[in-house]
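Written below as structure tokens is the structure these notes are about.
Below, chain A is the first sequence line, B the second, and so on; all start at residue 1.
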Amino acid sequence: MHVVAIATPAGKFTAGLTSRGLARLEFPRKLGPGADARMTLDDDDSPKLAAWRELTAAALRDSLAGKRPRRLPPLDLRGGTPFQCRVWRALRGIAAGRTRSYGELAALVGTLRGARAVGAACGANPVPVLVPCHRVLAANGKLGGFSGGLDWKRRLLSAEGVAFRAM
DNA sequence: ACTGGGTAAACAG
DNA sequence: CTGTTTACCCAGT
């Protein structure tokens, strides 16, 4: 996996690219002692990977501004279990500015009472923002959780003009 | 506002 | 297989 930095107005994201596409996306990390240890940046990417890095950067900047990205890089989501892949695919069907509840998403993937399992699958989403797990709220309109921290979830939803109940 | 039971899936052992 | 944990949900207090 080729690890590259993606600069945005909101900070430096980290993307992991494989020969099949974008496999991971991480929010800017708080700089702690030794925070750079895992940041083995990769400069000599192939033209293909460089193109995907630019697609990722453009899509990420659009998404952070609340706009729908015109084009996404290919995604390499092989890591997931069959259930997680169903959930992640369903996530991509939620348009910008719209939300669903964990329970609704469970019904969409054919697991009627699996709201909690859907939450766990969202937490395992390797490509947040572009696979929009932030558009899933709890059934009562509250936020639920977010792997990157609830501040990011609030920020992404606000950029899309979505209203939500404070927690 | 808080509690408890029900629930599906992943994971450790 | 059993136990534990989870970004849940709903009907009761």
To the nearest 0.5 Å, atom NE2 of A:H134 lies from atom SG of A:C122 at 11.5 Å
Do A:F83 and A:T111 have side chains that approach each other closer than 4.5 Å (heavy atoms only, starting at C-beta)? yes
Fit a plane to each ring of A:F27 and A:F13, take the angle between them on a 0 to 90° scale, and name the class: parallel (under 30°), tilted (30 to 60°) or perpendicular (over 60°). tilted
Is any side-chain heavy atom of A:T56 closer than 4.5 Å to one of A:V4? no
Below 4.0 Å from chain A heavy atoms, what is the first contacting nucleotide of DNA chain B and what is the last? B:dG6 to B:dA10
Does A:N140 offer a backbone N or O that forms a donor-acceptor pair with the side chain of A:R165 under 3.5 Å? yes
Could you tell me which non-hydrogen atom of A:G145 sits nearest to which non-hydrogen atom of A:K153, and how far apart they are? O-NZ, 2.9 Å
Is there side-chain contact between A:W52 and A:S46, with at least one heavy-atom pair below 4.5 Å? no
Euclidean distance, A:L137 CG relative to A:L105 CG, rounded to 0.5 Å: 11.0 Å
Please check this pair: side chain of A:R92 against backbone of A:L130, looking for a donor-acceptor N/O pair closer than 3.5 Å. no
Can you check whether A:R78 reaches A:T18 side chain to side chain, under 4.5 Å on heavy atoms? yes
Heavy-atom protein contacts under 4.0 Å, nucleotides 1-8 of chain C, coded B base, S sugar-phosphate only, - none: -----BBB
For atom C1', what is the distance between C:dT6 and B:dT7, given to the nearest Å? 12 Å
In dot-bracket notation, what is the pairing pattern of DNA chain B, taking Watson-Crick (N1-N3 plus N6-O4 or O6-N4) and G-U wobble (N1-O2 and O6-N3) contacts under 3.5 Å, with [ ] crossing and | for other strands? ||||||.||||||
